[in-house]
*Asks:* 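Would you mind keeping the following structure in view while I ask a few things?
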There are 2 protein chains.
Amino acid sequence: MNLKQLSEHLQLSQTTVSRALNGYPEVNEETRKRVQKAAAELNYAPNPRAKGLATGRSMAIGHVIPISIKHEMVNPVFGDFIAGAGETYAKAGFDLVMSVVSDQDEEKVYREIARKRSVDGMIVHGPKMDDPRIPLLQELGIPFVVHGRASLAASPYAWVDVNNQRAFDGATSHLVKLGHTRIALLNGPESMDFAFRRRNGYIAALGRDGIEPDPRMMFSGEMTEQFGFETAQCLMSGDAAPTGYVVSSMIVAIGVRRALEARRLRMGRDVSIVTYDDDLSYLRNGDTDPIFTATRSSVRAAGVLSGQMLLDMIAKQPADPPTLLLETELVIGGSSGPAPTS
Amino acid sequence: MNLKQLSEHLQLSQTTVSRALNGYPEVNEETRKRVQKAAAELNYAPNPRAKGLATGRSMAIGHVIPISIKHEMVNPVFGDFIAGAGETYAKAGFDLVMSVVSDQDEEKVYREIARKRSVDGMIVHGPKMDDPRIPLLQELGIPFVVHGRASLAASPYAWVDVNNQRAFDGATSHLVKLGHTRIALLNGPESMDFAFRRRNGYIAALGRDGIEPDPRMMFSGEMTEQFGFETAQCLMSGDAAPTGYVVSSMIVAIGVRRALEARRLRMGRDVSIVTYDDDLSYLRNGDTDPIFTATRSSVRAAGVLSGQMLLDMIAKQPADPPTLLLETELVIGGSSGPAPTS
DNA sequence: GACGTCATCCAAAGCGCTTTGAAAGCGATT
DNA sequence: AATCGCTTTCAAAGCGCTTTGGATGACGTC
């Protein structure tokens, strides 16, 4: 069933039927009703490709998710982020098209998407400090929202980010106040912008209490359980083992916990952990009493907000790119306690 | 830059240029070279909507991922599965379009997609035993591959599945051989087909050794860390606590482990765990020595294979739907050991 | 020299929609 | 009765591609 058939069946022109269905004012309300009824009965739906060709829009948002070639790893937060964004798109009648790409030729894919004009806008995931995708998309003239920030970007761009610096300042501060002085940082990969900001927060909090940041206490790597386990194990086998850990994700924290348990150390008594918590649906930090002391910020909510921001930009083309900084909430759980006295 | 402009620039007809670029034989090899060169230089890429309109194909595969309305939960395996499938699509020039949908109105979305003919094929995720989407897609005439199976389906359909029954038979058997007799099952949601098969495997293995399956030892629920923790805690506080656990996912197993540790029980000595392992990239079961004894099968590989199967179906339209049963590998790790003698 | 063959190219129709520019109908105004 | 303004409808062009059904020569064959 296409427009032509429908209009013939209704004894109307395609113009009128199209206008009736798309809510244009210049059509009699009675005819509109009649058209809508027939469309529903005959199960008519416009062909999106024809529509897109005529309007020049694709009604689709692009997400390209990079796979770290080294670890063959897809970031576990994507699921939740995309769930949030997708929900927003669906309400507005937009599709979500994903490209999975090894992180090396990510830029090529962006270029390709731009050439084909196959989406109306894009979300940029996992920005590096000096991310080439930002000038690229600006040059290509595709509306985009960055999930995160790129500190070294030359010109303004739209972003939704968590206040990572403040979060890690708060997390570290929490441990300092509990008397910890040897506090390790298990950060994300150094190339990531958020890792940079988190480290700044960590260093700022230490500095405020006159603690000299120790490079041997600062680690960064892909945020896997393995990374948490191995790093903690290595730290605990050295002298001057840390009594506190500030960790970049729940999954890494679980790895640290495993290392503690291997040595029969108790979390929250012998060793304290504060972690960042993306509030993933399948890995909630406890319902009533939190497992970990954590700085929480829902990545799913970030997805909803980023999606909404992008759709707004597409609709209204604002002169200045909007930005949104989300604060985290410090949740006190069982994984942190006073520094052991010894 | 569009076809018309390109053809004018080349002093050729659109027909010839189109044919040259699409590899049709009726064009001089020299002209083809010339066309390809110009296309590359002028950065020409065909408009996918125009192409789709002309060919009647969308060059896109649809994935609809349901969000359990109750737990607002997106299955953590989607990320890896989609990474696998997406990789396959990209190689074949297909897009991956996702719809995120609350599990109630999932069927509506399938109908909508079919009406709009916005994809050339679909992957069905998380099939229930009697899944309505299978007859629906058959009726709608859309090629599809089910990731999993639907035991009660009336007619044949294409699927890629893991041998869940054998996996859980093997897992349970492993514990039985180690002398365990009180073995709990922490299964996925009962409505899921895989959960049904896993339970069958569990029961079969017990039965082979004359152990009567005990309903009080069998649990099912959303596969979260919380579920593992709470169920294990509940079991351990009763009398006749199990000495072995067969668990449906690493994340649930991590929850069980947390419950053990809360009681200072040692995994693999006091209590044994065997888990199913989807081999998720961010949650590897150890690199050299496995953390958990586990039945492993890569969900990412399943994604690659499902995607490939679907693309083949679209290209060749086989008379009989293909199927593929993947076996798991039983990996012996530190989480299982002889039943404690007491 | 007429004719079939083959390789190469082209004009134009068609995919299903939106949108422009015009027309038809009708009551109100002059 | 002619004109105007308003609402409602329409025919046709256009979006950028593929594909059908020829054309046009060049070449060899009888």
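The basis for the numbers below is simple: all heavy atoms, side chains too, and nothing from hydrogens, waters or symmetry mates. These figures come from a predicted structure and were not determined experimentally. In the text below, chain A, chain B and the rest are named by the order of the sequence lines, each starting its count at 1.
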*Asks:* Which is true for B:Q11 with a 4.0 Å heavy-atom rule: it touches a base, it touches only sugar-phosphate, or it touches nothing?
*Replies:*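 Touches sugar-phosphate only.
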*Asks:* Choosing from D:dT18, C:dG16, C:dT18, which nucleotide comes nearest the side chain of A:S18?
*Replies:*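 So the side chain of A:S18 is nearest to C:dT18.
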*Asks:* Going by the ring-ring contact (aromatic ring centres under 6.0 Å, His included) test, which pairs reach into residues 104-126 of chain B, not counting sequence neighbours?
*Replies:*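 Matches after skipping sequence neighbours: B:H63-B:H125, B:F78-B:H125, B:F81-B:H125.
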*Asks:* Grab the two heavy atoms, one from B:A20 and one from B:Q36, that are nearest each other, plus how far apart they are.
*Replies:*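 Looking at all heavy atoms of both residues, the shortest contact is O-NE2, 4.4 Å.
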*Asks:* Suppose the criterion is salt bridge (charged side-chain N to carboxylate O under 4.0 Å, His left out): which pairs have a residue in residues 7-17 of chain B, not counting sequence neighbours?
*Replies:*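 Listed by first then second residue: nothing to list.
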*Asks:* Applying salt bridge (Lys or Arg N to Asp or Glu O under 4.0 Å), run through B:R149 and B:D161 and close with a yes or a no.
*Replies:* CA-CA 6 Å; B:R149 273 176 286 180; B:D161 197 8; 2.9 Å; yes
*Asks:* OP1 or OP2 of D:dT9 sitting under 4.0 Å from any side-chain N/O of A:S13?
*Replies:*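 For D:dT9, neither OP1 nor OP2 has a side-chain N or O of A:S13 closer than 4.0 Å.
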*Asks:* Do A:S58 and A:R117 touch side chain to side chain, with heavy atoms closer than 4.5 Å?
*Replies:*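 Result no, sub-4.5 Å side-chain heavy-atom pair not found.
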*Asks:* Salt bridge between A:R133 and A:E106, side-chain N to carboxylate O under 4.0 Å?
*Replies:*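 Looking at A:E106 together with A:R133, the answer is yes, because their closest N to O distance falls below 4.0 Å.
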*Asks:* Specify the separation, in whole Å, of atom CG of A:L12 and atom P of C:dC17.
*Replies:*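 Nearest whole value for this atom pair: 15 Å.
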*Asks:* Looking at A:S155 and A:Q138, what are the two nearest heavy atoms and their distance?
*Replies:*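 Taking A:S155 first and A:Q138 second, the nearest heavy atoms are OG-OE1, 3.2 Å.
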*Asks:* Set out, in order, the CA-CA distance, both residues' side-chain angles and the distance that settles side chain to side chain contact (heavy atoms under 4.5 Å, CB included) for A:V145 and A:V160, then state yes or no.
*Replies:* CA-CA 7 Å; A:V145 169; A:V160 171; 4.2 Å; yes
*Asks:* Using the rule given for salt bridge (Lys or Arg N to Asp or Glu O under 4.0 Å), can you reason through B:E30 versus B:K33, listing the C-alpha separation, both sets of side-chain angles and the distance that settles it, and then say yes or no?
*Replies:* CA-CA 5 Å; B:E30 208 159 322; B:K33 288 269 189 312; over 6 Å; no
*Asks:* Nearest whole Å is fine: how far is D:dG16 P from B:L21 CG?
*Replies:*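 Atom CG in B:L21 sits about 17 Å away from atom P in D:dG16.
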*Asks:* CD of A:E26 versus C1' of C:dT19: gap in Å, rounded?
*Replies:*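 My rounded result for the distance is 10 Å.
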*Asks:* Roughly how many Å is it from CE in A:M59 to P in C:dC17, rounded to a whole number?
*Replies:*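 From A:M59 CE to C:dC17 P: 15 Å.
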*Asks:* Take the protein atom CZ of A:R117 and the nucleotide atom C1' of D:dC15, then report the distance between them rounded to whole Å.
*Replies:*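 Whole-Å distance recorded here is 14 Å.
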*Asks:* Output the rounded distance in Å from CZ (B:R57) to C1' (C:dG16).
*Replies:*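 That distance rounds to 18 Å.
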*Asks:* Please table the atom pairs, donor to acceptor, closer than 3.5 Å between any side-chain atom in residues 310-317 of chain A and protein atoms at least two apart or in another chain.
*Replies:*
{"unit_1": "A:D312", "atom_1": "OD1", "unit_2": "A:Q308", "atom_2": "NE2", "d": "3.3"}

*Asks:* Indicate, with a heavy-atom threshold strictly under 4.0 Å, whether B:T15 touches base, sugar-phosphate, or nothing.
*Replies:*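 Base, at least one base heavy atom under 4.0 Å.
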*Asks:* Starting at CG of A:N22 and ending at C1' of D:dT9, how long is that distance when rounded to a whole Å?
*Replies:*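 After rounding, the reported distance stands at 16 Å.
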*Asks:* Look at the side chain of B:K51 and decide which nucleotide, out of D:dT18, D:dT9, D:dT20, has an atom nearest to it.
*Replies:*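 Given the options D:dT18, D:dT9, D:dT20, the side chain of B:K51 is closest to D:dT18.
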*Asks:* What nucleic acid atoms does A:R49 come within less than 4.0 Å of, heavy atoms only: base, sugar-phosphate, or nothing?
*Replies:*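 A:R49: no heavy atom of the nucleic acid under 4.0 Å.
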*Asks:* Under a 3.5 Å threshold, yes or no: a donor from one side chain and an acceptor from the other, between B:T15 and B:S18?
*Replies:*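 No, because no side-chain N or O of B:T15 sits under 3.5 Å from a partner of the opposite role on B:S18.
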*Asks:* In whole angstroms, how far is the C1' atom of C:dC15 from the CG atom of B:N47?
*Replies:*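 Interatomic distance, CG of B:N47 to C1' of C:dC15: 13 Å.
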*Asks:* Is it true that B:E112 and B:K108 have a side-chain N and a carboxylate O under 4.0 angstrom from each other?
*Replies:*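 Salt bridge absent between B:E112 and B:K108.
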*Asks:* Which residues in residues 30-46 of chain A have a heavy atom closer than 4.0 Å to any atom of DNA chain C?
*Replies:*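 Per residue number, the list reads A:Y44, A:A45, A:P46.
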*Asks:* Considering heavy-atom distances to DNA chain C, does B:R19 or B:L53 have its closest nucleotide positioned more toward the 5' end?
*Replies:*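 The answer here is B:R19.
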*Asks:* Within residues 1-9 of chain A, find the residues that approach DNA chain C with a heavy atom at under 4.0 Å, and present them sorted by residue number.
*Replies:*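 Listed by number, they are A:N2, A:L3.
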*Asks:* For nucleotides 5-7 of chain C, which of its nitrogen or oxygen atoms have a protein nitrogen or oxygen under 3.5 Å away, and what is each distance?
*Replies:*
none

*Asks:* Between A:T16 and D:dT9, does any side-chain N or O lie under 4.0 Å from OP1 or OP2?
*Replies:*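 Indeed not, no polar side-chain atom of A:T16 lies that close.
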*Asks:* When you measure from the side-chain N and O atoms of A:Y24 to the phosphate of C:dT19, is any distance below 4.0 Å, counting only OP1 and OP2?
*Replies:*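 Indeed, a polar side-chain atom of A:Y24 lies that close.
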